[in-house]
**Q** 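Have a look at the structure that comes next, please.
Keep in mind it's a predicted model, so treat the numbers as computed, not measured.
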Amino acid sequence: MSSAPHYDVIVIGAGSIGAPAAFYLAQKGLNILVLESAASVGQGSNKKAIGGIRATHSDPAKIRLCLRSIEIFSTWHQSFGEDIEWYEGGYVYVAYRPREEQTLKDLLIKQKSFGLNIDWLDSTGLLRVVPDLNPEGLLGGTFSPEDGSASPLLAVHAFYTQAVRLGAEFHYNEPVTGITVEAGKVKAVHTPKTTYSTDLIINAAGAWANQVGQLTGLDLPVKPDSHESAITESVARFLKPMVVDIRPTPGSSNFYFYQHITGQIVFCITPNPNNWGYDCDETSEFLPMVSKRMLEIMPRLANIRVRRTWRGLYPMTPDGAPIVGRINEIDGMILAVGMCGQGFMLGPGLGELLARLATNTTEAEDQIILDTLSPYRSFTGQELLK
Ligand SMILES: Cc1cc2nc3c(=O)[nH]c(=O)nc-3n(C[C@H](O)[C@H](O)[C@H](O)COP(=O)(O)OP(=O)(O)OC[C@H]3O[C@@H](n4cnc5c(N)ncnc54)[C@H](O)[C@@H]3O)c2cc1C
C-alpha cells in the first residue's frame with residue numbers, strides 16, 4: 001500500500017458533478033484524481049441531459065445551488081474563453097387548467113420569498129413571451145427570464161479542461177471496484193489496473209452510485225429511472241424560453257422543450273409510471289406520445305423534422321432531492337449522488353460546495369443546503385416541481 005500513488009481527493013465519476021467538483025477542488029490547490037469507468041468525460045447521464053438550467057425550484061437547497069450555477073454558466077465564456085452555448089431564454093410553465101394555475105401560483109409565493117425573478121403572466125402576457133403557444137384555453141403561466149440553457153457536452157468538457165490545467169488527473173476506462181476502509185477511515189481505492197491511496201473520496205457515480213456505495217457496505221437510495229429525449233433539425237430562432245407543461249396524461253406526467261442556441265428544438269417527457277432500470281434503448285412509444293402533447297400546445301411545430309432520439313438515466317432518490325454530505329460512519333467519504341433530473345444545472349454550484357466541504361471551509365449558507373440534502377434526512381418530503 002505504501003507504494004500506491006497518493007491523492008488528496010479521489011472523485012469517482014467524471015460526469016455532471018464529478019467534472020466541476022474536480023475543477024473547484026483543484027482550484028483549492030488539492031491533488032485530485034478522477035476515476036471514470038467510461039472512455040472519456042461526460043459519457044454517463046451528462047451527455048443525455050438536454051441542457052435546461054433553472055434556479056426556479058421550490059426547495060431552498062436547489063435554489064441556492066442553481067443560482068450559483070447560473071452565475072458560473074453565464075460567465076464561463078468570458079472567464080475562460082470556452083463557449084458552452086449558454087443562452088438566457090428563461091423558463092415558462094404553462095397553465096391550461098385551473099388546477100395547474102393554482103399549483104404554479106402557490107409555488108410562486110415560495111419562489112418569490114427566495115427573491116427569484118419569476119412572475120405570473122396572464123395569457124396575453126405569456127403570448128408576448130411565447131407567441132406560438134396555442135392560445136385556446138391558455139390561462140397564463142409563470143415566466144422566469146433569468147433561467148436558461150447550455151450544452152452539457154461542452155460544459156462538462158470545459159470543466160474537465162480547466163481541471164486538468166490546474167493539475168487534476170482523469171483516468172478513463174478505470175472503474176472503481178474496491179475501496180479500503182480501515183478503522184473507520186478511507187485508505188485506498190482499487191481499480192482493475194491498480195490501487196491509489198487517499199484520505200477522501202467523493203462518490204459522484206450518478207445512476208451507479210449505489211454500486212459504489214456497496215463497496216463500503218453503504219446502501220444508498222439511488223435508483224436509475226430512464227427518460228427519453230429528442231432533437232430536431234435546426235431552424236431560425238422562434239422560441240426563447242424552455243416551455244414546461246405539468247399536466248399529467250396517461251403515460252406521462254409532464255414534458256418540456258426549448259430551442260437550443262444553435263436552432264434545434266430539444267425535448268423530453270417524464271414517464272409515468274417510472275421506467276426503473278438501466279435499459280437505454282430508444283422506444284417506439286416516446287415520439288408519438290411526446291409529439292402529440294407538444295403539438296397540442298404549439299401547433300407550429302408540426303412540420304419540423306426530428307433528427308435523433310436517445311434515452312438516459314435520472315439517478316432518482318425517494319424524495320426527488322440529491323444526497324450530499326459526509327458519511328458519519330466512514331471518515332473521508334463524501335456523497336454527491338441522486339441528482340435526479342437536475343444534475344447538469346446543479347453541477348457548478350455543487351462542485352464549489354464540494355470543494356468547501358472537502359477542505360472544511362463551508363460557510364453558514366452551505367449548512368442550510370447540507371442540512372436539506374443530508375444523507376441522514378427522512379426522505380419523506382416531495383418537491384412540488386421535480
Ligand atoms: C433525457 C434526460 C434529460 C435531462 N435533462 C436535464 C436538464 O435539462 N437539466 C439538468 O440539469 N439535468 C438533466 N438531466 C439529468 C442529468 O443528466 C443528471 O442528473 C446528471 O447528469 C447526473 O450527474 P452525475 O454526475 O450524478 O452523473 P453522471 O453524469 O452520469 O456521471 C457519473 C459518472 O460516474 C461514472 N461511474 C459510474 N460507476 C463508476 C465506477 N464504479 N467507477 C468509476 N466511474 C463510475 C459513470 O460512467 C458516469 O460517467 C437529464 C437526464 C436525462 C436522462
**Q** May I have all residue pairs that pass salt bridge (Lys or Arg N to Asp or Glu O under 4.0 Å) and include part of residues 75-99, sequence neighbours excluded?
**A** Arg97-Glu100

**Q** Do Ile369 and Tyr376 share a hydrophobic cluster, counting only Ile, Leu, Val, Met, Phe, Trp and Tyr and linking them when any side-chain heavy atoms are less than 4.5 Å apart?
**A** no

**Q** One pair to check against ring-ring contact (aromatic ring centres under 6.0 Å, His included): Tyr91 and Phe143. What are the steps and the verdict?
**A** CA-CA 6 Å; Tyr91 263 60; Phe143 177 46; over 10 Å; no

**Q** Testing the basics here: between Pro5 and Thr195, what is the closest heavy-atom pair and its distance to 0.1 Å?
**A** CD-O, 3.6 Å

**Q** For atom NZ of Lys48, is the number of surrounding heavy atoms from other residues, nucleotides or ligands below 6.0 Å larger than 12?
**A** yes

**Q** Write down the atom of Phe255, the atom of Ile297, and the distance for their closest heavy-atom approach.
**A** CZ-CD1, 3.9 Å

**Q** Give the C-alpha distance, both sets of side-chain angles, the deciding distance and a yes or no for ring-ring contact (aromatic ring centres under 6.0 Å, His included) between Phe73 and Phe344.
**A** CA-CA 11 Å; Phe73 282 126; Phe344 173 58; 5.0 Å; yes

**Q** Using the rule that two of Ile, Leu, Val, Met, Phe, Trp, Tyr join whenever any of their side-chain heavy atoms come within less than 4.5 Å, decide whether Phe286 and Phe257 are in one cluster.
**A** yes

**Q** State yes or no: are the ring centers of Phe80 and Phe23 separated by less than 6.0 Å?
**A** yes

**Q** Using the rule that Ile, Leu, Val, Met, Phe, Trp and Tyr join whenever any side-chain heavy atoms are under 4.5 Å apart, tell me whether Val164 and Ile12 fall into a single cluster.
**A** no

**Q** Any donor-acceptor pair under 3.5 Å linking the side chain of Asp225 with the backbone of Gly277?
**A** no

**Q** Would you mind reporting whether Thr194 and Glu174 have side-chain heavy atoms less than 4.5 Å apart?
**A** yes

**Q** What distance separates Ile323 CD1 from Cys340 SG, expressed to the nearest 0.5 Å?
**A** 8.0 Å

**Q** For side-chain hydrogen bond (donor to acceptor under 3.5 Å, both in side chains), just list the numbers for Thr180 and His190, CA-CA rounded to whole Å, side-chain angles, deciding distance to a tenth of an Å, and then say yes or no.
**A** CA-CA 8 Å; Thr180 301; His190 311 277; 2.6 Å; yes

**Q** Hey, could you give me the CG/OG1 distance between Leu220 and Thr216, rounded to the nearest 0.5 Å?
**A** 7.5 Å

**Q** Does a side-chain heavy-atom distance below 4.5 Å link Glu169 with Tyr7?
**A** yes

**Q** If I take atom CG from residue Leu215 and atom CG from residue Asn203, how far apart are they, to the nearest 0.5 angstrom?
**A** 9.0 Å

**Q** What distance do Asp122 atom CG and Glu101 atom CD have between them, rounded to the nearest 0.5 Å?
**A** 10.0 Å

**Q** Between Arg54 (side chain) and Thr56 (backbone), is there a donor-acceptor pair under 3.5 Å?
**A** yes

**Q** Give me the atom names and distance for the closest heavy-atom approach of Pro192 to Pro175.
**A** CD-O, 3.2 Å

**Q** Which pair of non-hydrogen atoms, one from Thr309 and one from Ala230, has the smallest distance, and what is that distance?
**A** CG2-CB, 3.7 Å

**Q** According to a 4.5 Å side-chain heavy-atom criterion applied to Ile, Leu, Val, Met, Phe, Trp and Tyr, with indirect links allowed, do Leu218 and Val324 form part of one hydrophobic cluster?
**A** no

**Q** Tell me if the centroids of the rings in Trp76 and Phe159 come within less than 6.0 Å of each other.
**A** yes

**Q** Hey, are Arg305 and Glu233 close enough for a salt bridge, meaning a charged N less than 4.0 Å from a carboxylate O?
**A** yes

**Q** Members other than Leu313 in its cluster, when Ile, Leu, Val, Met, Phe, Trp, Tyr link by side-chain heavy atoms under 4.5 Å?
**A** Trp208, Tyr278

**Q** Indicate, with yes or no, if the rings of Tyr256 and Tyr93 have centres closer together than 6.0 Å.
**A** no

**Q** Does any N or O in the side chain of Asn274 come within less than 3.5 Å of the main-chain N or O of Trp276, such that one atom is a donor and the other an acceptor?
**A** no

**Q** Checking Asp8 side chain against Asn31 main chain: does a donor-acceptor pair fall under 3.5 Å?
**A** yes

**Q** Let me confirm one number: the CG-SG distance from Leu116 to Cys66, rounded to the nearest 0.5 Å.
**A** 10.0 Å

**Q** Could you point out which residue of Thr75, Ile72, Leu154, Ile70 forms a side chain to side chain contact (heavy atoms under 4.5 Å, CB included) with Trp86?
**A** Ile70

**Q** Please walk me through it: do Lys240 and Gln259 pass side-chain hydrogen bond (donor to acceptor under 3.5 Å, both in side chains)?
**A** CA-CA 7 Å; Lys240 283 190 173 172; Gln259 186 171 21; over 6 Å; no

**Q** What heavy-atom pair brings Ala38 and Glu36 nearest, and what distance separates the two atoms?
**A** N-OE2, 2.7 Å

**Q** Strictly distance-based, threshold 3.5 Å: is any side-chain N or O of Ser69 a donor or acceptor partner for the main-chain N or O of Met345?
**A** yes

**Q** If we only count heavy atoms from C-beta on, is the Tyr172 to Val34 side-chain gap below 4.5 Å?
**A** no

**Q** Check whether any side-chain heavy atom of Val186 sits under 4.5 Å from a side-chain heavy atom of Leu200, and report yes or no.
**A** no

**Q** To the nearest 0.5 Å, what is the distance between CG on Leu373 and CG on Asp59?
**A** 6.0 Å

**Q** More than 12 heavy atoms of other residues, nucleotides or ligands under 6.0 Å from CD of Glu136: is that the case?
**A** no

**Q** Hey, which of Glu352, Glu365, Glu71, Glu363 is the one that makes salt bridge (charged side-chain N to carboxylate O under 4.0 Å, His left out) with Arg64?
**A** Glu365

**Q** Does the Lys NZ or Arg CZ of Arg237 fall within the cation-pi geometry relative to Tyr87 - under 6.0 Å from the ring centre and within 45° of the axis?
**A** yes

**Q** Without placing hydrogens or testing angles, list every side-chain donor-acceptor pair under 3.5 Å for residues 263-272, not counting sequence neighbours.
**A**
from: Gln264; atom 1: OE1; to: Thr262; atom 2: OG1; distance (Å): 2.6
from: Thr270; atom 1: OG1; to: Asn254; atom 2: OD1; distance (Å): 2.7

**Q** Could you tell me if the side chain of Leu65 sits less than 4.5 Å from the side chain of Leu353, heavy atoms only?
**A** yes

**Q** Looking only at atom types and distance, does a side-chain atom of Thr317 sit under 3.5 Å from a main-chain N or O of Ala321, one as donor and one as acceptor?
**A** yes

**Q** Strictly distance-based, threshold 3.5 Å: is any side-chain N or O of Asp132 a donor or acceptor partner for the main-chain N or O of Met298?
**A** no

**Q** Can Asp279 and Arg311 be counted as an ion pair, charged N to O under 4.0 angstrom?
**A** yes

**Q** Do NZ/NE/NH1/NH2 and the carboxylate oxygens of Asp319 and Arg377 come within less than 4.0 Å?
**A** yes

**Q** Would you say the side chain of Ser197 lies within less than 4.5 Å of the side chain of Lys187, judging by non-hydrogen atoms?
**A** no

**Q** Is there side-chain contact between Thr361 and Lys28, with at least one heavy-atom pair below 4.5 Å?
**A** yes

**Q** Decide whether Met242 and Val130 are clustered together by the hydrophobic rule: side chain heavy atoms of Ile, Leu, Val, Met, Phe, Trp, Tyr closer than 4.5 Å, transitively.
**A** no

**Q** Is Asp119 paired with Lys112 through a side-chain N to carboxylate O contact shorter than 4.0 Å?
**A** yes

**Q** Spell out, as yes or no, whether a donor-acceptor pair under 3.5 Å connects the side chain of Ser144 to the backbone of Glu146.
**A** no

**Q** Hey, does the side chain of Arg326 reach the backbone of Leu357 with a donor-acceptor pair shorter than 3.5 angstrom?
**A** yes

**Q** Step by step, would you call Ser374 with Asp371 a side-chain hydrogen bond (donor to acceptor under 3.5 Å, both in side chains)?
**A** CA-CA 5 Å; Ser374 164; Asp371 288 346; over 6 Å; no

**Q** Under 3.5 Å, side chain of Tyr96 to main-chain N/O of Asn134, donor-acceptor pair present?
**A** yes

**Q** Are Lys185 and Asp199 within salt-bridge range, i.e. N to O under 4.0 Å?
**A** no

**Q** Can you find a heavy atom in the side chain of Tyr314 that is under 4.5 Å from one in the side chain of Pro224?
**A** no

**Q** Quick check: His171 with Tyr196 (ring centres under 6.0 Å apart)?
**A** yes

